[in-house]
Amino acid sequence: ILNVEQSPQSLHVQEGDSTNFTCSFPSSNFYALHWYRWETAKSPEALFVMTLNGDEKKKGRISATLNTKEGYSYLYIKGSQPEDSATYLCAFEETSGSRLTFGEGTQLTVNP
Amino acid sequence: DVKVTQSSRYLVKRTGEKVFLECVQDMDHENMFWYRQDPGLGLRLIYFSYDVKMKEKGDIPEGYSVSREKKERFSLILESASTNQTSMYLCASSGQGLSNQPQHFGDGTRLSIL
């Protein structure tokens, strides 16, 4: 079983704060790194799929970076809002179209 | 939009029952997956399928089986339900051979085994 780790496990921030969390994954046999947001009572929603070392992707106030050589990705949220409260999952994809191995997630709570 | 539909949001069954969880997707995706999610353990892969009538074991297949008779439908079967199978079950699908394709998830089935 591949080792995909996320830190921290949980995070509480105030509205307006910027925050970031980490996903570490194997640096060998890399194909893609996925980020998902999972809000309570909803289904996980894809944020980014990243494949290139050094890549940076952005969606509104959320961005992600990727370092495949050292095996980590950062997710950043700028100016957190209460609606950003969710569990953020990363997942490692070893070959194209294959199964994903998920980290345990970072649970973010943004207090108004 | 891709739609992945799971047959039940909540389900309560008794120990020893045979339980069927159904999942249907409407995007002609080749790949389908079943996960369970437990507190502190993240999403763990039970079984997956790359094509009709094909199945592959994931990380925790014990006590489960699957059926993929049609491309759009992937069923998870608990042969003889036990209390340690109480969990949130998520189905997902994705396209085959396409780069940068995320998995699309259903809303989940919260299963309680009494």
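Naming: A, B, ... by sequence-line order, numbering from 1 per chain.
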Examine whether an atom of [X] lies under 4.5 Å from a heavy atom of chain A, and if so say whether it belongs to the side chain, the backbone or both; otherwise answer neither.
X	result
B:Arg9	side chain
B:Leu90	side chain
B:Gln37	side chain

Tell me, yes or no, whether the heavy-atom count around [X] atom [atom1], taken from other residues, nucleotides or ligands under 6.0 Å, exceeds 12.
X	atom1	result
B:Arg44	CZ	yes
A:Glu39	CD	yes
B:Gln85	CD	yes

Practice task
Taking the side chain as every heavy atom from C-beta outward, state whether B:Phe105 and A:Trp38 have any atom pair closer than 4.5 Å.
Solution key: no
Handout entry: Gap separating the OH atom of B:Tyr35 from the CZ atom of A:Arg99, nearest 0.5 angstrom
Key = 8.0 Å
Handout entry: Euclidean distance, A:Leu100 CG relative to B:Phe48 CZ, rounded to 0.5 Å
Key = 10.0 Å
Practice task
Below 4.5 Å from any heavy atom of chain B, which atoms of A:Phe48 appear? Answer side chain, backbone, both or neither.
Solution key: neither
Report yes or no: do [X] and [Y] belong to one cluster of Ile/Leu/Val/Met/Phe/Trp/Tyr joined by side chain heavy-atom distances under 4.5 Å?
X	Y	value
B:Phe74	B:Leu76	yes
A:Tyr72	A:Leu75	no
A:Leu11	A:Leu47	yes

Exercise for the section: Applying side-chain hydrogen bond (donor to acceptor under 3.5 Å, both in side chains), name anything that partners A:Gln6, two or more places apart in sequence or on another chain. Expected result: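 Per chain and number, A:Gln6 pairs via side-chain hydrogen bond (donor to acceptor under 3.5 Å, both in side chains) with no residue.
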Handout entry: Closest approach of A:Pro44 to B:Gly106 (non-hydrogen atoms, all atoms of both residues)
Key =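 Closest heavy-atom pair between A:Pro44 and B:Gly106: CD-O, 4.3 Å.
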Practice task
Heavy atoms only: give me the nearest B:Gln101-A:His34 pair and the separation to one decimal.
Solution key: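 Smallest heavy-atom distance, with atoms named: O-CE1, 3.5 Å.
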Exercise for the section: Ignoring hydrogens and angles, tell me if any N or O in the side chain of A:Tyr36 forms a donor-acceptor pair with the backbone of B:Gln103 under 3.5 Å. Expected result: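 Pair found, side chain donor or acceptor close to backbone of B:Gln103.
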Problem - For A:Glu15, all residues meeting side chain to side chain contact (heavy atoms under 4.5 Å, CB included), sequence neighbours excluded - result: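 Partners of A:Glu15 under the side chain to side chain contact (heavy atoms under 4.5 Å, CB included) test: A:Gln81, A:Pro82, A:Val110, A:Pro112.
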Handout entry: Greatest number of heavy atom pairs closer than 4.5 Å to chain A - which of B:Leu43, B:Leu41, B:Leu45
Key = B:Leu43
